[in-house]
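First comes the structure, then the notes that go with it.
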Amino acid sequence: MVQQIPVDPNARADDPRADAERDDATHEVRPDLAYQRHVIANVAYVGRPGEAGWVLVDAGFPGTRGRIEEAAESRFGGARPAAILLTHGHFDHVGVLEDLAAAWDVPVYAHRLERPYLDGSAAYPPGDASVGGGAMALASPLFPTKPVNVAAQLRDLPEDGSIPDLAGWRWIHTPGHSPGHVSFWRESDRALIAGDAFITTASESAYESIVQTPEIHGPPKYLTIDWPAARDSVRALAALKPDLAVTGHGRALAGTELRRGLEALAADFDRIAVPDQGRYVERPNRAEDGSAYRAP
């Protein structure tokens, strides 16, 4: 099985020299969009530096609250965000969500199908070590699956696709990696925050998770529970022809190389992305039949 699509390293969307000069611990890819790597996963900051009303997308790896607060202080002068948006609720995307939601007391928006993982009522299915690809996949049955509980701040994303407090953006339901996974899209500059619908590094490999060689890769295999839905989600995002993609794992990519790789992934998803074997390959877990939700 081909596991990824190589991408020219020049497709990186960030500018390391400019990031070093700015020195706010983020990678800026648009004047109002930056991201920050936390161990293996990314968070995004949407909003112009120095202005209030910014939005945090996802909430880090466990133990990274200080890094998020420091970046927020540097970029936005200590102003709390208008909201926290979640692509989904896996442990590496909500690691400090409870702490931040309590400290900032702002709404947390997610898809309604992701709500059980965010209000304490259901756990995710376990990671699948049988998908192969490296040490991260082998360790995945040990990854936390229990829910967080931010019920007091939790809100469903509006059904019309709009995003409160984020004008010009809309959310797109991109299930497969999780039932309520969403991506965020801005048509005006064709910017995409894709979460884990697709990623730009081989997250199954501990080595690649560290060095992050740019590539187009399907969703992390070890936690993806519905491969047919994941295929449809990648095809929907490829059809947008994004000019920029910030993903949940790996470096942000831009331009023709991004579009070429994403189109190739969409066209040949089963060969490139779907594992040769795996518990969720044979039996997808879905919201519709309740199999995606386990006792916490």
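In this text, all values refer to a predicted model and were calculated from it rather than measured experimentally. For this chain, numbers begin at 1 and follow the sequence in order.
A donor-acceptor contact shorter than 3.5 Å is absent between the side chain of R112 and the backbone of D156. Although no hydrogens or angles enter the test, the distance criterion places no donor-acceptor pair under 3.5 Å between the side chain of H38 and the main chain of A59. In terms of modelled atom types and a separation under 3.5 Å, the side chain of E114 and the main chain of G180 share a donor-acceptor contact. With hydrogens and angles ignored, the 3.5 Å screen pairs no side-chain donor or acceptor of R75 with any backbone N or O of G77. Judged purely by atom type and a 3.5 angstrom limit, S74 uses its side chain to pair as donor or acceptor with the backbone of E70.
Salt bridge status for R48 with E51: absent, with no side-chain N to carboxylate O gap under 4.0 Å. Electrostatic pairing of E187 and R190 counts as a salt bridge here, judged by a charged N lying under 4.0 Å from a carboxylate O. By the 4.0 Å N-to-carboxylate-O rule, R22 lies too far from D15 to be salt-bridged with it. Ion pairing between a basic and an acidic side chain is recognised when a charged N comes within 4.0 Å of a carboxylate O; D128 and R279 show no such pairing. R186 and D189 are joined by a salt bridge, as a carboxylate oxygen and a charged side-chain nitrogen come within less than 4.0 angstrom of each other. Between D243 and R259, at least one side-chain nitrogen of the basic residue sits less than 4.0 Å from a carboxylate oxygen of the acidic one, meeting the salt-bridge criterion. The pair R286-D226 counts as a salt bridge, with a side-chain nitrogen and a carboxylate oxygen less than 4.0 angstrom apart. A salt bridge links R65 with E69: at least one charged nitrogen is closer than 4.0 Å to a carboxylate oxygen.
To the nearest 0.5 Å, atoms CG (D19) and CG (D24) are separated by 7.5 Å. Atom OH in Y117 sits 8.5 Å away from atom CG in L113 (nearest 0.5 Å). The distance from atom NE2 of H181 to atom OG1 of T87, rounded to the nearest 0.5 Å, is 4.5 Å. For the atom pair CG (D8) and CZ (R260), the distance works out to 8.5 Å, reported to the nearest 0.5 Å. The CG atom of D58 sits 9.0 Å away from the CD1 atom of I193 when rounded to the nearest 0.5 Å. Note that the CD1 atom of I272 and the CD1 atom of I5 stand 4.0 Å from one another [nearest 0.5 Å].
No hydrogens or angles considered: a donor-acceptor pair under 3.5 Å links the side chains of H249 and D196. Counted by atom type alone, E204 and Y222 present zero donor-acceptor pairs between their side chains at under 3.5 Å. Using modelled atom types and a 3.5 Å distance limit, the side chains of H177 and T224 yield a donor-acceptor pair. Checked by atom type, the side-chain pair S203/S209 shows no donor-acceptor distance below 3.5 Å.
Side-chain contact between E215 and T200 is absent, with no heavy-atom pair separated by less than 4.5 Å. The shortest distance between side-chain heavy atoms of V234 and L262 falls below 4.5 Å.
Between W54 and W104, the angle of the ring planes goes over 60°, which puts this pair in the perpendicular group of the 30/60° scheme. A tilted orientation is assigned to the rings of H88 and H93, their planes being inclined by 30° to 60°.
R155 meets the salt bridge (charged side-chain N to carboxylate O under 4.0 Å, His left out) test with no other residue; sequence neighbours excluded. With sequence neighbours left out, the side chain to side chain donor-acceptor pair (under 3.5 Å) criterion links E208 to T213.
Aromatic ring centres of F91 and Y124 lie farther apart than the 6.0 Å criterion allows. Ring-centre distance between F184 and W171: not below the 6.0 Å cut-off.
None of L223, N285, T145 except one satisfies the side-chain contact (heavy atoms from CB on, under 4.5 Å) rule with P125; the exception is N285.
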